[in-house]
Amino acid sequence: MKLNGEERKFLKLAIDTAEKNITNGGGPFGAVIVHGGRVLATAGNRVVPGHDPTAHAEVLAIRQAAEALGTHDLSDCVIYASCEPCPMCLGAIYWAGIRRIVYASDRYRAASAGFDDERIYTELALGAGERSITMERAMEEEGNRVLKIWEKFPDKIQY
């Protein structure tokens, strides 16, 4: 894909953030969120230093951007990432409403560097009973009751 000069600048910032993050104790991933040509958020992966398995660059950048805009809806934003987002980050990107991702490296290269991205993508394609994580359903009626309350709740904000 060919990027214009501004897009190249944003993707380079994500890559530079990833590289700098390594020397700061983080993982080799960086993300930048842009809104209307303006950088809202820049983050590197902080899983190990933060003892937080969810502290991926994309998730942290989403949190920063949502705070900056004062909304959970980032549908007018673009995310630039040093690497193809893992399934967790991709899920967060979908939940944030972001409609465009521009990335440099990919999940296969991340796998060869020792990250589980591709394994998790493969697992998610399996049925619940075929995954390596045991998934057990219980108290279905009680769980469904909460969703019924939500469906009738007059002041809900759908997301």
Side-chain angles (χ1 to χ4, degrees), residues 1-111 113-121 123-124 133 135 143 145-159:
M1 171 183 169
K2 247 187 153 177
L3 300 176
N4 67 35
E6 189 172 65
E7 293 172 321
R8 284 185 62 78
K9 178 181 77 172
F10 297 139
L11 187 54
K12 183 169 179 356
L13 178 58
I15 294 166
D16 290 347
T17 299
E19 186 175 349
K20 182 180 177 186
N21 197 54
I22 294 170
T23 62
N24 291 331
F29 303 100
V32 172
I33 296 181
V34 175
H35 179 263
R38 181 174 67 96
V39 173
L40 284 182
T42 303
N45 176 298
R46 305 305 293 164
V47 169
V48 173
H51 311 293
D52 180 356
T54 69
H56 290 205
E58 296 90 340
V59 171
L60 297 176
I62 287 169
R63 291 174 184 165
Q64 289 175 25
E67 180 71 25
L69 290 177
T71 181
H72 64 278
D73 181 4
L74 303 181
S75 58
D76 292 335
C77 297
V78 177
I79 188 164
Y80 295 84
S82 63
C83 189
E84 180 179 4
C86 75
M88 178 185 70
C89 292
L90 187 58
I93 290 165
Y94 272 105
W95 279 113
I98 297 171
R99 296 185 180 120
R100 184 169 181 233
I101 304 166
V102 180
Y103 63 92
S105 195
D106 67 17
R107 66 175 103 165
Y108 307 106
R109 184 63 188 96
F115 294 93
D116 278 346
D117 302 43
E118 177 54 22
R119 183 186 66 78
I120 297 169
Y121 270 108
E123 282 268 321
L124 289 175
I133 294 174
M135 296 182 68
R145 181 181 52 77
V146 176
L147 291 174
K148 288 176 186 174
I149 293 169
W150 171 255
E151 290 169 341
K152 294 176 184 171
F153 187 67
D155 297 328
K156 70 178 168 240
I157 296 173
Q158 198 67 47
Y159 57 94

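For reference, positions follow the sequence shown, starting with 1. For the numbers below, each heavy atom of this structure counts, side chains included, while hydrogens, waters and symmetry mates do not. Nothing here was measured: the structure is a model prediction, and the numbers come from that model.
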Rounded to the nearest 0.5 Å, what's the gap from CZ on Arg99 to CG on Leu74? Could you check?
11.0 Å
To the closest 0.5 Å, what do you measure between CG (Leu3) and NZ (Lys12)?
13.5 Å
When the ring planes of Tyr80 and Phe10 are compared, do they come out parallel, tilted or perpendicular, using 30° and 60° as the limits?
tilted
Once the angle between the rings of Trp150 and Tyr159 is folded into 0 to 90°, is it parallel (under 30°), tilted (30 to 60°) or perpendicular (over 60°)?
perpendicular
Looking at Glu67, I want to see if its CD is surrounded by more than 12 non-hydrogen atoms of other residues, nucleotides or ligands under 6.0 Å.
no
Using a strict threshold of under 4.0 Å (side-chain N to carboxylate O), is an ion pair present between Lys20 and Asp16?
no
How close do Ser82 and Ala104 get, heavy atom to heavy atom, and via which atoms?
O-CB, 3.3 Å
Please determine, by modelled atom types, if Ser75 and Asp73 share a side-chain donor-acceptor pair under 3.5 angstrom.
yes
Taking every non-hydrogen atom, the tightest pair across Gln158 and His72
O-NE2, 4.2 Å
Write down the atom of Cys77, the atom of Leu40, and the distance for their closest heavy-atom approach.
SG-CD1, 4.0 Å
Does a side chain donor of either Arg46 or Asn21 reach within less than 3.5 Å of an acceptor in the other side chain?
yes
More than 12 non-hydrogen atoms from neighbouring residues, nucleotides or ligands closer than 6.0 Å to NZ on Lys156, yes or no?
yes
Quick check for you: to the nearest 0.5 Å, what is the distance between Arg119 atom CZ and Arg107 atom CZ?
14.0 Å
Using every non-hydrogen atom in the two residues, find where Phe29 and Ala18 come nearest and quote the distance to one decimal.
C-CB, 3.4 Å
Got a list of side-chain donor-acceptor pairs under 3.5 Å for residues 54-63, not counting sequence neighbours?
from	atom 1	to	atom 2	distance (Å)
Thr54	OG1	Asp52	OD1	2.6
Thr54	OG1	Asp52	OD2	3.4
His56	NE2	Pro53	O	3.3

Closest non-hydrogen atom pair, Glu84 against Asp106:
OE1-CB, 3.5 Å
Rounding to 0.5 Å, atoms CD1 (Ile101) and CD1 (Ile79) come to a distance of 7.0 Å
Nearest 0.5 Å please: distance from the CE atom of Met88 over to the CG atom of Leu124.
12.0 Å
In this structure, OG of Ser105 is separated from CZ of Phe115 (nearest 0.5 Å) by 10.5 Å
Tell me whether Arg100 at atom CZ has more than 12 heavy atoms from other residues, nucleotides or ligands lying less than 6.0 Å away.
yes
Run Glu7 and Val102 through side-chain contact (heavy atoms from CB on, under 4.5 Å) and show every step you take.
CA-CA 9 Å; Glu7 293 172 321; Val102 180; 5.5 Å; no
So, for Leu13 and Thr17, which heavy atoms are closest and what is the spacing to 0.1 Å?
O-OG1, 2.7 Å
